[in-house]
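First the structure, in the form of structure tokens, and then the observations on it.
Below, each value reflects all heavy atoms present in this structure, side chains not excepted, and no hydrogens, waters or symmetry copies.
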Amino acid sequence: MTTDASSSAPAPSGADAPPARLPAIPISRGELLWLTVGMWLGGVAILTVLPAVLVTQLGLSSFIGVVGSYFLFFLAWQPIQTITQRALGTRTALVRMLLLVLTAFALAFVLKVLLFGPTG
């Protein structure tokens with residue numbers, strides 16, 4: 001009676017087991033669109049109001065306020081960017097992100113001038 005080495009080997013358990021793969025959650029194009037639009041509107045709000053809040057409430061310089069608002073905008077955008085990359089590919093996600101950032105910046109600039117005046 002011969003035994004096969006592979007059949008008698010114990011199954012990996014605990015720390016030896018490979019990490020379990022998370023189940024994929026399907027997302028439709030419509031859901032991705034609404035997530036993107038919602039994040040874009042939130043980004044416009046961040047880029048419009050946050051520099052004024054950082055400058056007036058925390059006493060930061062205007063430059064630091066704008067840089068801080070862009071940092072938070074990109075930080076908040078990362079989950080949607082990751083989903084877009086997985087759904088549409090890296091190149092499409094990059095182009096889409098650049099277009100959305102540029103339009104959010106332009107709209108935020110106009111709203112900032114309308115709300116706070118040319119010096120706000």
Side-chain angles (χ1 to χ4, degrees):
M1 174 155 102
T2 62
T3 59
D4 187 10
S6 63
S7 64
S8 64
S13 63
D16 296 336
R21 190 168 189 175
L22 294 174
I25 299 173
I27 185 168
S28 70
R29 289 192 181 273
E31 291 168 333
L32 181 60
L33 173 70
W34 283 112
L35 283 171
T36 304
V37 168
M39 187 58 227
W40 182 80
L41 287 173
V44 169
I46 288 171
L47 294 175
T48 302
V49 178
L50 193 60
V53 171
L54 291 175
V55 169
T56 59
Q57 297 299 317
L58 298 180
L60 301 174
S61 69
S62 294
F63 178 75
I64 298 296
V66 170
V67 169
S69 68
Y70 272 94
F71 175 75
L72 289 176
F73 174 73
F74 282 110
L75 190 66
W77 186 261
Q78 287 311 301
I80 299 299
Q81 180 66 13
T82 302
I83 292 169
T84 306
Q85 283 178 354
R86 290 181 182 168
L88 304 176
T90 304
R91 180 174 291 172
T92 304
L94 178 66
V95 170
R96 182 178 281 192
M97 181 192 69
L98 289 174
L99 289 173
L100 291 170
V101 168
L102 287 174
T103 58
F105 165 74
L107 183 59
F109 180 78
V110 171
L111 288 174
K112 210 169 13 173
V113 169
L114 291 174
L115 290 172
F116 304 114
T119 59

Phe116 reachable from Val113 in the ILVMFWY side-chain graph, under 4.5 Å edges
no

Under 4.5 Å between side-chain heavy atoms, hopping through other hydrophobics if needed: is there a path connecting Leu111 to Leu41?
yes

In a table with atom names and distances, give each donor-acceptor pair under 3.5 Å that connects a side chain of residues 83-99 to protein atoms at least two apart or in another chain.
from, atom 1, to, atom 2, distance (Å)
Thr84, OG1, Ile80, O, 2.8

Counterpart residues, side chain to side chain contact (heavy atoms under 4.5 Å, CB included), relative to Ser28 (two or more places apart):
Glu31

Looking only at heavy atoms, which two atoms of Ala108 and Leu47 are closest? And how far apart?
CB-CB, 3.6 Å

Remaining members of hydrophobic cluster (4.5 Å side-chain criterion), Val55
none

Got a sec, which pairs hit side chain to side chain donor-acceptor pair (under 3.5 Å) with one end in residues 66-81, sequence neighbours left out?
Trp77-Gln81

Phe109 reachable from Val67 in the ILVMFWY side-chain graph, under 4.5 Å edges
no

Give the intermediate values and the outcome of side chain to side chain contact (heavy atoms under 4.5 Å, CB included) for residues Leu50 and Phe73.
CA-CA 10 Å; Leu50 193 60; Phe73 174 73; over 6 Å; no

First locate atom CD1 of Ile46, then atom CG of Leu72, and finally report the distance between them rounded to the nearest 0.5 Å.
6.5 Å

Donor-acceptor pairs are to be reported for all side-chain atoms of residues 32-40 against protein atoms at under 3.5 Å, with residues two or more places apart or in another chain.
from, atom 1, to, atom 2, distance (Å)
Thr36, OG1, Leu32, O, 2.7
Trp40, NE1, Leu100, O, 3.2
Trp40, NE1, Thr103, OG1, 3.1

Remaining members of the apolar cluster that contains Leu102, side-chain heavy atoms under 4.5 Å
none

Under 4.5 Å between side-chain heavy atoms, hopping through other hydrophobics if needed: is there a path connecting Phe71 to Val44?
yes

